[in-house]
Amino acid sequence: MAQGFSMNEYPDVDQVYKDLRKLISLPIRSIRKDAMDDIIHNYFDKKCSQSKAMITKASEYIPGGVQHNLSFNHPFPLVFTKASGAYLYDLDGNKYIDFLQAGGPTVLGSNPTSVRKKVIELLDTTGPVTGLFHEYEYKLAEKIVELVPSVEMFRMLGSGTEACMASIRVARLATKKKNIVKMGGAYHGWSDQLAYGLRIPGTRHFEANGVPKSIFKYTQEFYPNDLNALESVLKRNRFCGGTAAVLIEPVGPESGTRPLDLNFNKGVRELCNKYGALLIFDEVVTAFRIGLSGAQGYFGVDPDLTIFGKVVAGGYPSAGGLGGKKEYMKYVSAGLQTGTKKALIGGTMAANPLSSAAGYFTLCEMEKTGALEKSGRAGDRLTKGLQKLIKKYDLPFVAFNQGSICHLETVGTMLLDINIKKFWTIKKTIAEAHKRKHAMEEMGAAYMSEGLVTLAGSRLYTSASDTDAVIDDALKRFDRVFQKVEGVA
């Protein structure tokens, strides 16, 4: 394993897609109905009764009962009261292996003592926010510039969504062009212009409820792994405003749910150079999870701008930022307007002392302890173990990983295809996606009942806290879940 990276080897992308296509061609195989009924009655209703009661009360005041999309689990969200290393604990005292890791930011493991002590020291002095400059703003920015070769300057923001918004404004100012091209299926936050082509390539505006279609006049998508499709869009845009930027996740949409060919990013870089567009890497998940130099360091590709989030604040709030070359970052300089037109950005809580310090000490600790390599080895061990279980029970499921980002596809919801040219098939495809999504939620509930917390039942993040013993224990739990799948004798 290369030093500073979590990926020991890159997945065989062709084989992954072959397996995924087979998965979605077959009937859905989820948890047997009798087993699901038992899980809901004997685990959720009986062993999670305090969570159920609290969520029922919360639903009176919070739409859907929870404030964050990741918190919503079938049949009802659980209330967690403690996080430590590889484990989570709920209100009823149940213990879980944590493969959510807050959606990816806690590479060291949940609530690491070394970072927590430093945060408490800061709270005892400065407090969480002053609205004024603090030394950790500088220290975090310096650390990121030191670690990521393409980043010469860094500005912290309140979230990944805000960083994505800032990046496209900068790109338009820098290039004086209009269009933004994104990879279909990718999630770049929930701002109006980027709520396009979500989850499944080709969906365009279908999931952008509440956003006028006219907002997407200068936003386009292209199919993952298809450089010809990207070039077609870039060529077309030359006659209608030009392309300001191409925005991609370097491991593929939705944290690599559709993995990219190893040399795809280099091809995108070449096309951006050819058509005068900025290349923007959304490294909200991958920066400091794939590598200390980001996924861009692993692939050997320098983007013009990099979007940061999650790990940048070490799992603390206000995790977002934009980094890049000085010639572009001048458009997000703080202070009053000068001779350079500046992008409209802000955020009272951005770069607050608490988040900046947490991010700085997290990066230092990761560098010192080899956390990325440890989390990557755990991801490899987990994935190989899942592949053996899939084979053992002759299931069509697909497991693969990019270091500590692990995928366990049991229904392939986001691998369906939307064909806009055959518009009459779209409604059926979306209905199939919802059907598969429900089956995925039931799998997630089954994992939870065995003490396994995942992201939506299909993605798992490993951390440096995941020892061999933790992973082996987890695999025994997955084994018990797979025994309950339809068709398993």
Side-chain angles (χ1 to χ4, degrees), residues 68-70 103-105 144 148 150-151 153-175 177-199 201 203-205 207-208 210-211 215-222 224 243-256 265 268 272 277-289 294-296 303-313 317-325 328-329 331-332 342-347 349-351 355:
H68 192 283
N69 294 338
L70 290 182
I144 289 171
V148 186
S150 75
V151 174
M153 303 191 86
F154 171 78
R155 178 154 182 187
M156 200 166 183
L157 296 162
S159 67
T161 292
E162 292 178 23
C164 290
M165 292 165 60
S167 75
I168 62 175
R169 290 180 182 177
V170 167
R172 285 177 170 139
L173 284 168
T175 64
K177 297 176 182 179
K178 295 180 179 180
N179 292 283
I180 302 296
V181 181
K182 70 180 289 285
M183 189 182 293
Y187 175 74
H188 300 295
W190 51 278
S191 65
D192 282 4
Q193 291 179 65
L194 293 174
Y196 189 85
L198 298 176
R199 296 182 179 88
T203 52
R204 300 189 178 187
H205 59 269
E207 295 207 43
V211 182
I215 292 291
F216 303 122
K217 181 178 180 180
Y218 296 112
T219 307
Q220 298 98 32
E221 61 174 314
F222 69 97
T243 301
V246 176
L247 178 59
I248 65 173
E249 292 179 71
V251 294
E254 289 282 354
S255 301
N265 291 300
V268 177
C272 286
L278 298 193
L279 174 57
I280 303 174
F281 270 8
D282 182 341
E283 295 229 39
V284 165
V285 171
T286 54
F288 317 121
R289 176 164 278 281
Q296 59 193 262
D304 298 298
L305 293 169
T306 301
I307 294 157
F308 295 90
K310 295 188 186 292
V311 184
V312 81
S318 297
L322 183 65
K325 297 175 175 63
Y328 306 128
M329 293 303 292
Y331 294 105
V332 291
K342 294 195 295 187
L344 175 62
I345 65 170
M349 299 299 291
S355 301

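Two residues are said to be in side-chain contact when any heavy atoms from C-beta on lie closer than 4.5 Å; Thr219 and Asn179 fail this criterion. You'll find the side chain of His188 reaches within 4.5 Å of the side chain of Glu249, heavy atoms only. Side-chain atoms of Tyr196 and Ile215, non-hydrogen and from C-beta on, never get closer than 4.5 Å to each other. A 4.5 Å side-chain heavy-atom check between Glu162 and Ile345 finds every atom pair outside the cut-off. Looking at heavy atoms from C-beta onward, Met183 lies out of side-chain contact with Val246 at the 4.5 angstrom threshold. At a threshold of 4.5 Å between non-hydrogen side-chain atoms, the residues Val148 and Gln296 count as touching. Contact check for Phe222 versus Ile248: side-chain heavy atoms found under the 4.5 Å cut-off. Between Arg172 and Ile180 the shortest side-chain heavy-atom distance falls below 4.5 Å.
Atom CG of residue Asp192 and atom NE2 of residue His205 lie 14.0 Å apart, to the nearest 0.5 angstrom. Rounded to the nearest 0.5 Å, atoms CD (Glu221) and CG (Leu198) are 9.0 Å apart. For the atom pair Tyr328 OH and Leu305 CG, the distance stands at 7.5 Å (nearest 0.5 Å). Remark: Cys164 SG to Lys182 NZ distance equals 10.0 Å, nearest 0.5 Å. Of the inter-residue distances, the one linking Ser150 atom OG with Leu279 atom CG reads 9.0 Å to the nearest 0.5 angstrom.
Arg169 places a side-chain N or O within donor-acceptor distance of the main-chain N or O of Leu344, the cut-off being under 3.5 Å. Side-chain N or O atoms of Thr175 include none that pairs as donor or acceptor with a backbone N or O of Ala277 at under 3.5 Å.
Taking all atoms of both residues into account, the shortest heavy-atom contact from Gly160 to Val284 is CA-CG2, 4.0 Å. Nearest heavy atoms, Tyr187 versus Thr161: OH-OG1, 4.4 Å. The minimum heavy-atom distance linking Gly323 with Met329 is given by the pair C-SD, 3.7 Å. Ala163 approaches Gly321 most closely through the heavy-atom pair CB-O, 3.3 Å. Nearest heavy-atom pair across Gly184 and Pro224 is O-CG, 3.5 Å. Scanning all heavy atoms of the two residues, the minimum distance from Gly158 to Ala350 falls at N-CB, 4.0 Å.
Legend: residues meeting ring pair (Phe, Tyr, Trp, His ring centres under 6.0 Å) with Phe288, ordered by chain and number and at least two apart, are Phe308. In this structure Ala171 satisfies the side-chain contact (heavy atoms from CB on, under 4.5 Å) test together with Ala244, Ala245, Leu278, Ile280, sequence neighbours excluded.
For Lys325, the NZ atom is densely surrounded, since the number of other residues' heavy atoms within 6.0 Å is greater than 12.
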**Q.** Verdict with supporting geometry, Val332 and Leu157, side chain to side chain contact (heavy atoms under 4.5 Å, CB included)
**A.** CA-CA 11 Å; Val332 291; Leu157 296 162; over 6 Å; no

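Under the side-chain contact (heavy atoms from CB on, under 4.5 Å) test applied with Phe281, the options Asn265, Leu247, Thr286 reduce to a single match, Asn265.
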